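Please find one structure pasted underneath; my questions will follow.
Numbers here simply count residues along the sequence, with the first being 1. Here the structure is a predicted model, which is why all the values come from computation and not from measurement.
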Amino acid sequence: MLLALPASACRLALVLALDVSASVDGDEDRLQRNGLADALLAEDVQDAFFVSPDPVALAVFDWSGPSAQTQILPWVLIEEPNHLHQVSDIIRQSRRITRADMTALGLALRYGINLLAERPECFAHTIDVSGDGKNNSGFSPRMIYNSMPFDGITVNGLVINVEGADRKEGLIDYFEQRVIRGPASFVEEAKGFEDYGNAMRRKLIRELSSFAIGGLETAMHPPG
């Protein structure tokens, strides 16, 4: 049974944010949800979840415009493989209810940190935001970072790069320079929505493994 409100300490509180802005059509949205659901069940991802006896707390939401964020998964504590199967089913069965809207990336980060305010007591805290475009509405990521308490929180990015689309030029640089945060932060690239599940799998393995082995060093040097 999933714990809706995690009751015990964990090694990592991880928030996953999926882009459902106007540039993401229905088929691409489904590729994201199914890709994440598949990634959570990949053998090497499950190994990374359970590489330590200390569990991981997980929450998932989708985002688009300034006031358009929808929680897909409330905080759950992943303590056994069956929990990953339950979470995967919830994500796969979820449906997009947010209307197509602008790309309010900064406000997605604000929603993510507010979710972390409800987190269990965890050793490390990460927001993992996927996106296929730059912020074009609401507060920028930099403004959010300057106005909210992100110390000790790592922000990683998953860039969905559609080959040949002019609007994607420089998107990885944008995420590296303006979105990710923290000394161990990084950007993973999906080469189109069809590659989203593979990119998510690589990213989860990297995130989960780093906080099982090197989390103490990261926590002692919070983001500047």
Side-chain angles (χ1 to χ4, degrees), residues 12-26 28-33 35-36 39 57-75 87 90-91 94-119 124-162 167-168 170-182 185-190 193 196 199-200 203-204 207 223:
L12 173 65
L14 178 61
V15 177
L16 303 178
L18 309 183
D19 183 358
V20 295
S21 58
S23 59
V24 179
D25 66 25
E28 292 167 340
D29 171 64
R30 183 47 48 193
L31 285 168
Q32 278 191 94
R33 293 174 200 266
L36 173 56
L58 186 66
V60 183
F61 73 96
D62 63 32
W63 63 275
S64 58
S67 59
Q69 301 91 23
T70 302
Q71 192 161 3
I72 299 170
L73 180 77
W75 282 114
V87 167
I90 290 169
I91 294 167
S94 68
R95 295 293 180 266
R96 177 181 189 162
I97 62 174
T98 303
R99 67 183 178 86
D101 206 339
M102 305 294 282
T103 303
L105 184 50
L107 293 174
L109 293 170
R110 185 180 71 178
Y111 188 89
I113 194 174
N114 286 337
L115 275 183
L116 283 174
E118 305 168 4
R119 66 186 183 262
H125 314 95
T126 295
I127 298 172
D128 182 342
V129 59
S130 300
D132 78 333
K134 302 175 183 178
N135 185 79
N136 61 20
S137 181
F139 299 109
S140 69
R142 181 174 299 174
M143 293 173 69
I144 294 298
Y145 288 145
N146 287 339
S147 63
M148 299 194 74
F150 273 83
D151 287 349
I153 296 173
T154 298
V155 178
N156 294 326
L158 196 163
V159 167
I160 307 165
N161 239 331
V162 179
R167 64 188 174 84
K168 305 302 180 188
L171 190 55
I172 291 178
D173 288 343
Y174 176 82
F175 266 68
E176 288 179 341
Q177 296 170 14
R178 303 193 184 188
V179 178
I180 66 172
R181 196 170 194 276
S185 61
F186 64 94
V187 173
E188 184 64 62
E189 179 186 13
F193 284 89
Y196 184 87
M200 177 61 74
K203 188 180 54 51
L204 285 171
E207 288 170 333

Check Asp132 against Phe193 and note the closest heavy-atom contact, atom names and distance.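 Taking Asp132 first and Phe193 second, the nearest heavy atoms are OD2-CZ, 3.9 Å.
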Please give me the minimum heavy-atom distance between Lys134 and Gly170, naming the atom from each residue.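 Scanning both residues completely, I find the closest heavy atoms to be CE-O, 4.2 Å.
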How many angstroms lie between OG in Ser21 and CG in Asn135, if you round to the nearest 0.5 Å?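 Reported to 0.5 Å precision, the distance equals 10.5 Å.
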Are the side chains of Leu109 and Met148 in contact, using a 4.5 Å heavy-atom criterion?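 Counting from C-beta outward, Met148 and Leu109 never come under 4.5 Å.
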Side chains of Val129 and Phe61: does their closest heavy-atom pair fall under 4.5 Å?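 Not touching, per the 4.5 Å side-chain cut-off.
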To the nearest 0.5 Å, what is the distance between CG on Leu36 and OH on Tyr196?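 Between atom CG of Leu36 and atom OH of Tyr196 there are 5.5 Å.
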What I'd like to find out is whether the side chain of Ser147 reaches to under 4.5 Å of the side chain of Phe139, using heavy atoms alone.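 Side chain of Ser147 against side chain of Phe139, heavy atoms only: no contact under 4.5 Å found.
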Begin with the C-alpha distance, continue with both residues' side-chain angles, and end with the deciding distance and a verdict on side chain to side chain contact (heavy atoms under 4.5 Å, CB included) for Ser185 and Val155. CA-CA 6 Å; Ser185 61; Val155 178; 5.9 Å; no
Under 3.5 Å, side chain of Arg96 to main-chain N/O of Asp29, donor-acceptor pair present?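 No, the answer is negative, given that no donor and acceptor are paired below the 3.5 Å cut-off.
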If you compare all heavy atoms of Gly65 against all heavy atoms of Ala104, which two are closest, and at what distance to 0.1 Å?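 For Gly65 and Ala104, the tightest heavy-atom pair comes out as C-CB, 3.5 Å.
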List the atom of Gly133, the atom of Thr103, and the distance in Å for their closest heavy-atom pair.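 Scanning both residues completely, I find the closest heavy atoms to be O-CG2, 4.0 Å.
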Quickly, which of Leu105, Val159, Asn156, Ile127 forms a side chain to side chain contact (heavy atoms under 4.5 Å, CB included) with Val179? Name it, please.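 So, applying the side chain to side chain contact (heavy atoms under 4.5 Å, CB included) to Val179 and each of Leu105, Val159, Asn156, Ile127, only Leu105 qualifies.
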Side chain to side chain contact (heavy atoms under 4.5 Å, CB included) evaluation trace for Leu107 with Trp63: CA-CA 9 Å; Leu107 293 174; Trp63 63 275; over 6 Å; no
Taking all heavy atoms of Ala59 and all of Leu115, pick out the closest pair and write down the distance.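 For Ala59 and Leu115, the tightest heavy-atom pair comes out as CB-CD1, 4.5 Å.
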Hey, are the side chains of Pro74 and Glu118 touching, using non-hydrogen atoms and a 4.5 Å cut-off?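 They are not in contact (no side-chain heavy atoms under 4.5 Å apart), so the answer is no.
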Could you grab the distance from atom CG of Leu116 to atom CD1 of Ile153, nearest 0.5 Å is fine?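 If we round to the nearest 0.5 Å, Leu116:CG and Ile153:CD1 are 5.0 Å apart.
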Begin with the C-alpha distance, continue with both residues' side-chain angles, and end with the deciding distance and a verdict on side chain to side chain contact (heavy atoms under 4.5 Å, CB included) for Ser130 and Met200. CA-CA 9 Å; Ser130 300; Met200 177 61 74; 4.3 Å; yes
Would you say Arg30 has more than 12 foreign heavy atoms packed within less than 6.0 Å of its CZ?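 Above 12, so yes.
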How long is the gap from OG1 on Thr126 to CG on Leu58, to the nearest 0.5 Å?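 One gets 11.5 Å once the value is rounded to the nearest 0.5 Å.
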Let's go through Gln32 and Ile160 carefully: what are the C-alpha distance in whole Å and the side-chain angles of both, what is the deciding distance for side chain to side chain contact (heavy atoms under 4.5 Å, CB included) to 0.1 Å, and is it a yes or a no? CA-CA 10 Å; Gln32 278 191 94; Ile160 307 165; 4.0 Å; yes
Nearest non-hydrogen partners of Ile144 and Phe150, listed with the distance: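 Heavy atoms of Ile144 and Phe150 come nearest at CG2-CE1, 3.7 Å.
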Quick one, Leu16 and Ile72 - any side-chain contact, counting heavy atoms below 4.5 Å?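 A side-chain contact is absent here, since even the closest heavy-atom pair is not under 4.5 Å.
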Would you compute the distance between atom CZ of Arg95 and atom OG1 of Thr70 and round it to the nearest 0.5 angstrom?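 Arg95 atom CZ to Thr70 atom OG1 measures 14.5 Å (nearest 0.5 Å).
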Atom pair CD (Glu189) and CD1 (Ile172), whose distance is rounded to the nearest 0.5 Å: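 CD1 of Ile172 is found 3.5 Å from CD of Glu189.
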Can you run down the salt bridge (charged side-chain N to carboxylate O under 4.0 Å, His left out) pairs that involve residues 62-73, sequence neighbours left out, and say none if there aren't any?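 Listed once each, the pairs are Arg33-Asp62.
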